[in-house]
Novice: 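Dropping a structure here in structure tokens format, bear with me for questions.
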Protein chains: 2
Amino acid sequence: MLNQTVGQTISDETRQRVLQAVTELDYRPNRAAQGLRQGRTATIGFVSHDADFGEFAASAIKGAHEACIRQGNLLLLVNTGGSNRQAAHLIGDLLDRQADALIFAAVGTRSVVLPDAALRVPTVLLNCFAANDPVPAILPDEVRGGRESTQALLDLGHRDIAYLTGKPSQWATKARLRGFREALRGAGLNPAEHTVLSGNYHADSGYDLVRTLLQRNPPPTAIMCGNDRMAVGALLGLLEAGLRVPEDVSVMGYDDQFQLAAEVRPALSTVLLPYPGMGRLAAEQLAIGVPTSPGRTLVHCPVVMRDSTAPPARTRARS
Amino acid sequence: MLNQTVGQTISDETRQRVLQAVTELDYRPNRAAQGLRQGRTATIGFVSHDADFGEFAASAIKGAHEACIRQGNLLLLVNTGGSNRQAAHLIGDLLDRQADALIFAAVGTRSVVLPDAALRVPTVLLNCFAANDPVPAILPDEVRGGRESTQALLDLGHRDIAYLTGKPSQWATKARLRGFREALRGAGLNPAEHTVLSGNYHADSGYDLVRTLLQRNPPPTAIMCGNDRMAVGALLGLLEAGLRVPEDVSVMGYDDQFQLAAEVRPALSTVLLPYPGMGRLAAEQLAIGVPTSPGRTLVHCPVVMRDSTAPPARTRARS
DNA sequence: TTGAAAGCGCTAACAA
DNA sequence: TTGTTAGCGCTTTCAA
């Protein structure tokens with residue numbers, strides 16, 4: 001009766017008696033016992049498959065958590081430290097506790113080996129993908145993000161744009177760079193004439209690469225960075241060299257990192273990586289009754305224009 | 001037998017047979033059923049009691065998770081969004097699922113109202129405290145952190161140190177400021193003669209306050225910041241004003257924020273807030289058989305000296 | 001409309 | 001040393 005089983009009949013009097021007892025005794029059903037009986041624990045396993053447990057995981061978990069709460073589920077969290085062995089092990093732990101479903105998330109978007117055990121329950125890949133797409137995957141549309149942020153700079157009038165990339169081996173790096181080149185070509189420019197320097201997503205690589213860049217003559221009018229941390233490093237390097245942002249050089253970040261991109265001065269123009277939304281989406285895909293969309297779902301990353309970008313000085317002088 | 005119950009006897013032959021069956025059938029005990037039977041689910045509830053789910057929560061969870069795995073426990077995670085009502089509600093959810101113990105964590109160190117339900121299982125407060133200390137609390141030793149970072153600047157020879165604080169209403173802000181003043185007095189200086197400006201822990205407040213500060217004449221030889229984000233803001237403001245760090249001004253951060261303090265240029269001297277260690281400690285306190293240390297446990301925050309601090313120019317010139 | 005009973009998968013206690 | 005049984009708290013089915 002407490003579960004409102006359909007097609008049940010109960011007298012009003014008894015209902016009152018039951019309800020009163022419930023409040024009097026402060027009765028709360030034991031969900032472990034419920035789970036045992038119904039084979040459903042209202043618990044979703046969240047596997048963070050990475051060495052670090054940082055900004056991304058936190059944001060994605062926040063989103064997933066929100067959706068879960070709405071569905072009456074709770075998140076059982078594990079962190080694999082990036083090890084496949086540990087991943088398989090922990091997924092075992094999750095399944096032993098009868099998790100109803102799994103979210104398998106990576107920080108650096110990449111290809112992962114999904115342990116077989118994960119296929120025993122509904123699973124969604126978050127910010128990663130596996131060979132042959134055995135389960136749905138949710139990914140940011142990095143090519144588009146790279147393209148549209150470059151386009152934003154082109155629209156401002158920039159024609160000499162340098163790109164300080166993140167770690168070249170990463171999927172996201174390649175995708176963003178592809179978008180960068182697509183946009184340049186779309187504007188009738190030759191990508192080969194634009195400087196591309198390889199970094200590693202750390203702030204200091206932004207700093208170092210800017211210094212390398214400034215040895216060139218003349219410097220580009222705009223600089224795209226692999227992420228916001230690199231952009232902050234670039235900002236520091238440019239300022240130190242006596243250049244003003246955005247008056248002398250425009251800087252574009254990526255990620256819209258929480259408590260960084262918007263707070264730095266000048267506030268960074270960047271591309272928003274919607275981690276909370278992706279986490280939410282993952283949890284919603286797992287809700288019972290929702291048809292899972294197979295294959296890869298690309299999530300749009302909108303460009304956010306703030307104060308680190310402006311028309312290039314040449315154009316401005318002319319106007 | 002699989003649980004290695006003590007004082008049991010079993011023939012070698014049967015043991016082999018059982019073990020073989022286990023591997024053959026790939027048998028895994030259902031831990032939900034186990035939990036029902038033993039009244040122990042090997043699950044610890046982690047309550048993040050804050051609006052945001054960022055750096056701190058991630059680091060603390062990472063530490064707690066590590067310790068949990070070692071103990072064979074898993075973390076059941078909830079985020080209250082900072083609402084007491086939601087906290088009570090979610091703790092109910094956790095207890096309904098028979099969580100064995102709770103870690104109740106806040107991001108901004110502060111006083112919290114612990115829902116009564118939490119007292120029904122072993123609970124540890126992480127980075128927060130409650131009136132009358134009903135359960136053990138683990139807190140960073142902010143006074144000491146403030147004192148020792150100030151002392152580090154004094155040791156370098158600085159005698160004119162400004163403090164750009166975090167949000168004045170916060171416990172941590174007051175504690176660090178107290179440490180700052182203690183250190184000054186300890187060096188025979190008068191705290192009233194040192195500029196203290198109130199910020200809010202956001203990077204832009206570091207930037208804004210530095211600009212205010214630079215209207216003074218002469219500027220201080222060293223600047224303490226409420227946290228690393230403010231320090232980054234300060235760095236940007238100083239550079240923009242044509243001042244060099246640390247040649248002209250030393251800058252001290254706080255937090256040793258992951259992927260920020262060490263990566264920025266110059267790398268920030270700062271105070272390490274050992275969140276992962278605190279999370280680990282919390283989980284270990286909850287391990288069965290460990291005597292819980294009542295009251296508040298203050299965790300030391302060591303000063304980390306990097307490149308944003310140096311002896312003041314005057315001293316250097318003299319030497 | 002209500003009550004009784006079986007059983008989810010496991011463990012602990014007891015008999016054989 | 002091994003096998004059997006009761007029961008954790010719940011839901012579902014069936015009988016009254």
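Scope of the values below: all heavy atoms of this structure, side chains included, with no hydrogens, waters or symmetry mates. Letters A, B, ... are given to chains in the order of the sequence lines, protein chains preceding strands, and every chain is numbered from 1.
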Novice: Round to a whole Å and report the spacing from CD of B:Q98 to P of D:dC8.
Specialist: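 It works out to 14 Å between those atoms.
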
Novice: In whole Å, what is the span from the CZ atom of A:R40 to the C1' atom of C:dC8?
Specialist: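 From A:R40 CZ to C:dC8 C1': 16 Å.
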
Novice: Scan B:R15 against the nucleic acid and name what it touches under 4.0 Å (heavy atoms): base, sugar-phosphate only, or nothing.
Specialist: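 Contact class for B:R15: none.
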
Novice: What is the separation between atom CD on B:E13 and atom P on D:dT1, rounded to the nearest whole Å?
Specialist: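 Rounded to whole Å, this separation is 12 Å.
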
Novice: Could you give the CG-to-P distance, from B:L2 to C:dT11, as a whole number of Å?
Specialist: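 B:L2 atom CG is separated from C:dT11 atom P by 8 Å.
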
Novice: Nearest of D:dT11, D:dA6, D:dC10 to any side-chain atom of A:R37?
Specialist: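 So the nucleotide nearest the side chain must be D:dT11.
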
Novice: Of the options C:dG9, D:dC10, D:dT2, whose atoms approach the side-chain atoms of B:I10 most closely?
Specialist: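 Closest of the options to the side chain of B:I10: D:dT2.
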
Novice: Could you report the tightest heavy-atom contact between B:R31 and B:A42, atom names first, then the distance?
Specialist: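 In this case the closest contact between B:R31 and B:A42 is NH2-CB, 3.6 Å.
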
Novice: Measuring to OP1 and OP2 of D:dT2, would you say a side-chain N or O of B:T14 lies under 4.0 angstrom away?
Specialist: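 B:T14 to D:dT2 OP1/OP2: side-chain N or O found under 4.0 Å.
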
Novice: What is the distance, rounded to the nearest whole Å, between atom CD of B:Q34 and atom C1' of D:dC10?
Specialist: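 After rounding, the reported distance stands at 18 Å.
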
Novice: Taking side chain as C-beta onward, heavy atoms only, is B:F104 less than 4.5 Å from B:V135?
Specialist: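 The answer is no, as the side chains (C-beta and beyond) never meet within the 4.5 Å cut-off.
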
Novice: Contact class for B:R17 vs. all strands (heavy atom < 4.0 Å): base, sugar-phosphate, or nothing?
Specialist: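 The answer is nothing, as B:R17 stays clear of every strand by at least 4.0 Å.
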
Novice: Does atom CZ of B:R296 have more than 12 heavy-atom neighbours from other groups under 6.0 Å away?
Specialist: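 Yes - once you tally the heavy atoms of other residues, nucleotides and ligands closer than 6.0 Å, there are more than 12.
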
Novice: Between the side chains of B:Y201 and A:Q259, does any donor sit under 3.5 Å from an acceptor?
Specialist: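 Side-chain D/A pair, B:Y201 to A:Q259: absent.
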
Novice: Between D:dT12, C:dT1, C:dG9, which nucleotide has the shortest distance from any of its atoms to the side chain of A:Q38?
Specialist: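 Selected nucleotide (nearest to the side chain): D:dT12.
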
Novice: From CZ of A:R31 over to C1' of D:dC8, roughly how many Å is that when rounded to an integer?
Specialist: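 After rounding, the gap between these two atoms is 18 Å.
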
Novice: Provide, to the nearest angstrom, the distance between the CG atom belonging to B:L36 and the C1' atom belonging to D:dC8.
Specialist: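 Value for this atom pair: 4 Å.
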
Novice: The side chain of B:S11 is closest to which nucleotide in this list: D:dT2, C:dG7, C:dT1?
Specialist: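 Minimum distance to the B:S11 side chain belongs to D:dT2.
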
Novice: Do B:E24 and B:Q20 pair up side chain to side chain, a donor and an acceptor below 3.5 Å, judged on atom types alone?
Specialist: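 Yes, a side-chain donor-acceptor pair sits under 3.5 Å.
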
Novice: Quick check: on DNA chain D, is the nucleotide nearest A:N3 upstream (toward 5') of the one nearest B:D12, or the reverse? Name the residue that is more 5'.
Specialist: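 Its nearest nucleotide lies further toward 5', so the answer is B:D12.
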
